[in-house]
Peer 1: 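Can you keep this structure in mind? I'll have questions shortly.
Chain naming here is simple, since letters A, B, ... match the order of the sequence lines and numbering starts at 1 in each.
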Amino acid sequence: MLQVAYLREHKEDVIARLAVKNFDAKSIIEELILLDEKRRQTQAEHDDTLAESNKLSKEIGMLYKSGNSEEANAKKALTAELKEKSKQLNQLLSDTQDSLHEKLVQIPNIPHDSVPAGNSDEDNKVISQEGEFPDLGNHAKPHWELVAEKNIIDFELGVKITGAGFPVYRGKGAKLQRALINYFLDKNIDAGYEEVMPPHMVNEASGFGTGQLPDKEGQMYHVTEDNLYLIPTAEVPVTNIFRNVILKKEDLPIKCTAYTPCFRREAGSYGKDVRGLNRLHQFDKIEIVQIQHPDESYKTLDEMVAHVASILRELKLPFRILQLCGGDISFTSSLTYDFEVYSAAQEKWLEVSSVSNFESYQTNRLKLRYRDEDKKTKLCHSLNGSSLALPRVLAAIIENYQGADGIHIPEVLIPYCGFDKIE
RNA sequence: GGAGAGGUGGCUGAGUGGCUGAAAGCGGCACCCUGCUAAGGUGUUAUACUCGUAAGGGUAUCGGGGGUUCGAAUCCCUUCCUCUCCGCCA
């Protein structure tokens with residue numbers, strides 16, 4: 001959520017920059033500014049009315065104390081009018097605030113200056129690419145065939161137990177899954193992130209805090225009985241640790257990492273790129289989250305990108321880094337880099353990580369602030385990224401590391417697995 | 001699930017209708033004093049909105065919402081949450 005004061009002061013600039021996200025902000029911002037003026041004016045009037053009424057009440061109290069009840073009663077009569085007036089103003093004020101808020105949450109985050117214009121993922125900018133594509137000859141198999149052959153992931157069984165998109169990992173498949181989780185966590189911890197194990201369900205306030213609610217409500221599994229949501233990413237519970245918190249400047253940056261399963265309904269995304277591990281309703285992901293000083297957040301973003309790259313490099317998977325264009329970047333993000341690994345058997349790039357700077361868009365919702373030298377509270381910047389999402393990394397490993405004698409395990413994972421091959 | 005208790009500032013915890021934005025203690029910060037370590041003294045210390053160049057002023061906030069009253073942390077209603085005991089259970 002953007003700050004009204006900022007919109008007021010940088011109206012034209014904001015409109016121009018939101019156009020990069022293909023969002024026409026002109027009319028909504030103008031409405032917002034008008035609403036804000038109305039809000040302030042109403043509040044001033046309301047405050048004055050209450051001030052007068054408070055003053056009168058005090059006087060009445062004093063008069064009673066001094067035994068002058070006659071004059072007190074006379075003054076009481078005056079308060080009725082004030083009371084009625086403040087009631088109306090209060091109603092007007094809260095109505096105005098509600099519509100202000102309703103409009104405000106409809107405006108996406110302002111993209112960073114460097115974000116290229118574009119309409120879809122085809123317009124994303126390739127920043128870098130590294131790693132060799134493996135030569136699999138012409139007997140390369142996609143991972144969904146390989147996992148069935150080796151009996152390490154059973155999609156059918158998941159359908160029986162739960163439904164499509166809930167695979168069952170078994171044997172060495174399960175162990176490899178666990179190895180990846182531990183390996184990723186260890187890498188993140190080594191890079192200075194504190195590991196946290198958060199709840200896998202969150203309440204409404206948390207969903208709002210990171211921006212899943214209200215706009216992405218349909219993407220989350222909702223436990224209606226208790227009004228809780230299954231987390232779509234660890235970003236939600238982890239970032240919400242800091243909801244309503246005022247940090248000391250020297251506490252920044254705060255670096256957290258968490259492994260959690262992620263649950264996504266993926267409503268409306270049937271049919272495309274959904275085979276095998278490519279798109280699931282439940283998957284495992286290790287997330288990194290940083291809370292940073294506004295002056296440092298882009299440096300931190302670069303650092304996070306470099307960190308994720310180092311992991312993919314160690315896994316010896318060919319990958320590329322994309323800067324998302326205005327049309328593909330998320331509603332809440334200012335700048336996002338996606339990581340894609342190359343899946344040699346499917347002959348396509350699979351997204352495995354998304355690293356974003358949200359600037360103060362989330363922290364404004366979360367009321368996550370730090371105290372500056374001037375003793376004033378200011379909004380922190382929040383950042384997060386996947387480090388990494390498992391299924392597509394797993395798919396790429398299975399496909400890229402396939403050989404005549406089985407699936408080989410990347411060297412760095414062997415100590416975590418306890419085996420070097422899946423036959 | 002049944003019964004009960006309770007939600008007050010960074011924390012502990014007082015406060016049953018007006019001078020209480022809130023005692024006291026702890027913690028934090030600043031300064032002073034003290035020849036080590038330690039202790040002591042004084043002051044200060046919530047957040048948001050809003051008006052103001054500023055100094056400073058106004059308003060709101062004692063879980064949330066509503067009500068009674070000239071006036072509510074305090075009384076009433078409602079809702080959410082937490083804790084304790086019992087039951088069930090990993």
Side-chain angles (χ1 to χ4, degrees), chain A residues 1-9 32-105 197 199-209 213 222-229 237 240-252 254 261 291 360 363-380:
Chain A
M1 187 163 70
L2 299 171
Q3 296 173 90
V4 185
Y6 187 87
L7 293 177
R8 213 163 53 205
E9 284 154 35
L32 254 167
I33 290 172
L34 284 177
L35 273 171
D36 183 53
E37 263 165 38
K38 186 174 166 196
R39 188 200 107 240
R40 283 187 295 163
Q41 198 192 328
T42 310
Q43 193 183 345
E45 222 176 309
H46 187 226
D47 285 357
D48 288 348
T49 311
L50 286 176
E52 206 177 321
S53 156
N54 284 344
K55 200 175 136 219
L56 217 48
S57 287
K58 256 177 202 161
E59 285 169 11
I60 290 169
M62 298 296 243
L63 287 169
Y64 272 126
K65 230 163 216 181
S66 61
N68 194 345
S69 59
E70 215 170 284
E71 203 177 322
N73 286 331
K75 290 213 174 197
K76 261 196 206 180
L78 296 173
T79 61
E81 200 187 325
L82 286 173
K83 213 175 164 186
E84 182 53 34
K85 191 176 170 194
S86 75
K87 205 170 181 179
Q88 282 175 14
L89 285 168
N90 190 41
Q91 186 60 47
L92 182 61
L93 183 62
S94 68
D95 288 350
T96 311
Q97 274 168 341
D98 286 351
S99 33
L100 194 65
H101 186 259
E102 193 207 325
K103 291 251 183 310
L104 209 50
V105 296
M197 292 185 92
H200 298 169
M201 289 203 248
V202 292
N203 56 29
E204 241 176 285
S206 295
F208 177 80
L213 294 175
H222 188 191
V223 182
T224 50
E225 185 81 15
D226 299 289
N227 197 24
L228 297 173
Y229 294 85
N240 272 282
I241 291 173
F242 306 100
R243 169 151 49 86
N244 263 321
V245 167
I246 300 175
L247 297 163
K248 293 194 199 103
K249 196 184 168 197
E250 56 268 28
D251 291 339
L252 300 172
I254 287 180
I291 310 299
S360 58
T363 56
N364 190 29
R365 291 181 162 217
L366 291 160
K367 297 198 169 37
L368 166 50
R369 292 153 292 171
Y370 68 96
R371 200 174 295 281
D372 213 350
E373 277 102 356
D374 59 7
K375 307 250 184 193
K376 293 223 171 90
T377 58
K378 294 183 182 159
L379 293 171
C380 301

Peer 1: Whole angstrom is fine here: how far is it from CG in A:Leu247 over to P in B:rU47?
Peer 2: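 Between P of B:rU47 and CG of A:Leu247: 14 Å.
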
Peer 1: Taking a pair as Watson-Crick or G-U wobble with both distances under 3.5 Å, which nucleotide is matched to B:rG87?
Peer 2: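 Pairing partner: none.
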
Peer 1: Under 4.0 Å, counting only non-hydrogen atoms across every strand here, what does A:Thr79 touch: a base, just sugar-phosphate, or nothing?
Peer 2: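 Touches sugar-phosphate only.
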
Peer 1: Which nucleotide, in any strand shown, forms a Watson-Crick or G-U wobble pair with B:rC33, with both distances under 3.5 Å?
Peer 2: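 Pairing partner, where one exists within any strand: none, as none qualifies.
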
Peer 1: Tell me the interatomic distance from A:Leu379, atom CG, to B:rU47, atom P, rounded to whole angstroms.
Peer 2: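 Rounded to the whole Å, the gap is 14 Å.
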
Peer 1: Expressed as a whole number of angstroms, how long is the span from A:Leu50:CG to B:rG58:C1'?
Peer 2: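 Between C1' of B:rG58 and CG of A:Leu50: 10 Å.
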
Peer 1: Using Watson-Crick or G-U wobble geometry with both distances below 3.5 Å, tell me the partner of B:rA23, or none.
Peer 2: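 Across all strands, not a single nucleotide pairs with B:rA23.
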
Peer 1: Calculate the interatomic distance between A:Leu366 atom CG and B:rA48 atom P; express it in whole Å.
Peer 2: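 Between P of B:rA48 and CG of A:Leu366: 15 Å.
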
Peer 1: For A:Ser360 versus A:Gln3, what's the shortest heavy-atom pair and its separation?
Peer 2: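 The pair with the smallest heavy-atom distance is OG-NE2, 4.1 Å.
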
Peer 1: Expressed in whole Å, how much space separates the P atoms belonging to B:rU8 and B:rA73?
Peer 2: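 About 15 Å, rounded to a whole number of Å.
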
Peer 1: Taking the P atom in each of B:rG87 and B:rA3, what is the distance between them to the nearest angstrom?
Peer 2: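 Here B:rG87 and B:rA3 have their P atoms 15 Å from each other.
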
Peer 1: What is the base-pairing partner of B:rG6, counting Watson-Crick and G-U wobble geometry with both distances under 3.5 Å?
Peer 2: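 Its partner is B:rC81.
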
Peer 1: Over all heavy atoms of both residues, which pair between A:Ile291 and A:Phe242 is shortest? Give the atoms and the distance, please.
Peer 2: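 Minimum heavy-atom contact is CG1-CD1, 3.9 Å.
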
Peer 1: Say we look at B:rA48 and B:rC32: how far apart would their P atoms be, to the nearest angstrom?
Peer 2: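 My reading of the P atoms in B:rA48 and B:rC32 gives 31 Å.
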
Peer 1: When both hydrogen-bonding distances must be under 3.5 Å and the geometry is Watson-Crick or G-U wobble, what is B:rA38 paired with, if anything?
Peer 2: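 Across any shown strand, B:rA38 pairs with none.
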
Peer 1: May I ask you to evaluate whether A:Thr377 reaches the phosphate of B:rU47, defined as a side-chain N or O under 4.0 Å from OP1 or OP2?
Peer 2: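 A:Thr377 to B:rU47 OP1/OP2: no side-chain N or O under 4.0 Å.
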
Peer 1: Can you check the A:Asp47 CG to B:rC49 P distance for me, whole Å?
Peer 2: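 Nearest whole value for this atom pair: 13 Å.
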
Peer 1: Of A:Asn90 and A:Arg40, whose nearest nucleotide on RNA chain B comes first from the 5' end?
Peer 2: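 Comparing both residues, the 5'-ward one is A:Arg40.
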
Peer 1: So does A:Asn54 get a side-chain nitrogen or oxygen closer than 4.0 Å to the phosphate oxygens (OP1/OP2) of B:rA60?
Peer 2: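 So the side chain of A:Asn54 is within the cut-off, an N or O lying under 4.0 Å from OP1 or OP2 of B:rA60.
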
Peer 1: Closer than 4.0 Å, any side-chain N/O of A:Arg369 to the OP1 or OP2 of B:rA46?
Peer 2: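 So the side chain of A:Arg369 is outside the cut-off, no N or O lying under 4.0 Å from OP1 or OP2 of B:rA46.
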
Peer 1: To the nearest Å, how far apart are A:Arg371 CZ and B:rU47 C1'?
Peer 2: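 In whole Å, B:rU47 C1' lies 9 Å from A:Arg371 CZ.
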
Peer 1: For B:rG18, which nucleotide in any strand shown is its Watson-Crick or wobble partner with both distances under 3.5 Å?
Peer 2: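 With both distances under 3.5 Å, B:rG18 matches B:rC70.
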
Peer 1: Have a look at A:Ala51 and say if it touches a base, only the backbone sugar-phosphate, or nothing, with a 4.0 Å heavy-atom cut-off.
Peer 2: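 Touches sugar-phosphate only.
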
Peer 1: At less than 4.0 Å, is any side-chain N or O atom of A:Arg39 found next to OP1 or OP2 of B:rU50? Yes or no.
Peer 2: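 The answer is yes; a side-chain N or O of A:Arg39 sits under 4.0 Å from OP1 or OP2.
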
Peer 1: Evaluate the side-chain proximity of A:Leu247 to A:Ile254: yes if any heavy-atom separation is below 4.5 Å, no if none is.
Peer 2: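 The answer is yes, as the side chains (C-beta and beyond) meet within the 4.5 Å cut-off.
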
Peer 1: If every non-hydrogen atom of A:Thr49 is compared with every non-hydrogen atom of A:Leu82, which pair is closest and at what distance?
Peer 2: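 Here A:Thr49 and A:Leu82 meet closest at CG2-O, 3.6 Å.
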
Peer 1: Name the nucleic acid region contacted by A:Lys367, choosing base, sugar-phosphate or nothing; use a 4.0 angstrom heavy-atom cut-off, strictly under.
Peer 2: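 Since no nucleic acid heavy atom lies under 4.0 Å of A:Lys367, the category is nothing.
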
Peer 1: Which value, in whole Å, describes the distance between the P atoms of nucleotides B:rC33 and B:rA55?
Peer 2: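 To the nearest whole Å, 30 Å.
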
Peer 1: Suppose you measure atom P in B:rC19 against the same atom in B:rU59; what distance do you get, rounded to whole Å?
Peer 2: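 After rounding to an integer number of Å, I get 14 Å for this pair.
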
Peer 1: Mapping A:Lys58 and A:Gln97 to their closest nucleotides on RNA chain B, which lands nearer the 5' end?
Peer 2: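 Upstream on the strand: A:Lys58.
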
Peer 1: Consider the side chain of A:Gln43, meaning its heavy atoms from C-beta on, and name the nucleotide among B:rC70, B:rC49, B:rG58 that approaches it most closely.
Peer 2: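 Of the candidates, B:rC49 comes closest.
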
Peer 1: For B:rG17 versus B:rC70, give the span between their C1' atoms, rounded off to a whole number of Å.
Peer 2: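 So the two C1' atoms sit 12 Å from each other.
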
Peer 1: Could you tell me how far B:rG15 sits from B:rG4 if I compare only their P atoms? Round to whole Å.
Peer 2: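 About 24 Å, rounded to a whole number of Å.
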
Peer 1: In Watson-Crick or G-U wobble terms, both distances under 3.5 Å, what is the partner of B:rC49?
Peer 2: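 The base-pairing partner of B:rC49, which may sit in any strand shown, is B:rG58.
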
Peer 1: Given atom CG of A:Leu78 and atom C1' of B:rG71, what is their separation to the nearest angstrom?
Peer 2: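 Rounded to the whole Å, the gap is 15 Å.
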
Peer 1: What integer number of Å spans the P atoms of B:rC83 and B:rG13?
Peer 2: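 These two P atoms come out 15 Å apart once rounded.
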
Peer 1: What pairs of donor and acceptor atoms, side-chain ones from residues 71-81 of chain A against any protein atom, are under 3.5 angstrom apart with sequence neighbours left out?
Peer 2:
| unit_1 | atom_1 | unit_2 | atom_2 | d |
| --- | --- | --- | --- | --- |
| A:Glu71 | OE1 | A:Asn68 | ND2 | 3.1 |
| A:Asn73 | OD1 | A:Tyr64 | OH | 3.0 |
| A:Asn73 | ND2 | A:Ser69 | O | 3.2 |
| A:Lys75 | NZ | A:Glu59 | OE1 | 2.7 |
| A:Lys76 | NZ | A:Tyr64 | OH | 3.1 |
| A:Thr79 | OG1 | A:Lys76 | O | 2.6 |

Peer 1: For the pair A:Arg365 (side chain) and A:Phe208 (backbone), establish whether a donor and an acceptor sit closer than 3.5 Å, ignoring hydrogens and angles.
Peer 2: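 Yes; judged by distance alone, with no hydrogens or angles, the pair exists.
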
Peer 1: Nearest-Å distance, NZ (A:Lys55) to C1' (B:rU59)?
Peer 2: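 Those two atoms, NZ and C1', are 15 Å apart.
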
Peer 1: Taking the side chain as C-beta and beyond, is there a heavy-atom pair between A:Arg39 and A:Gln97 under 4.5 Å?
Peer 2: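 In short, these two side chains touch, coming nearer than 4.5 Å.
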
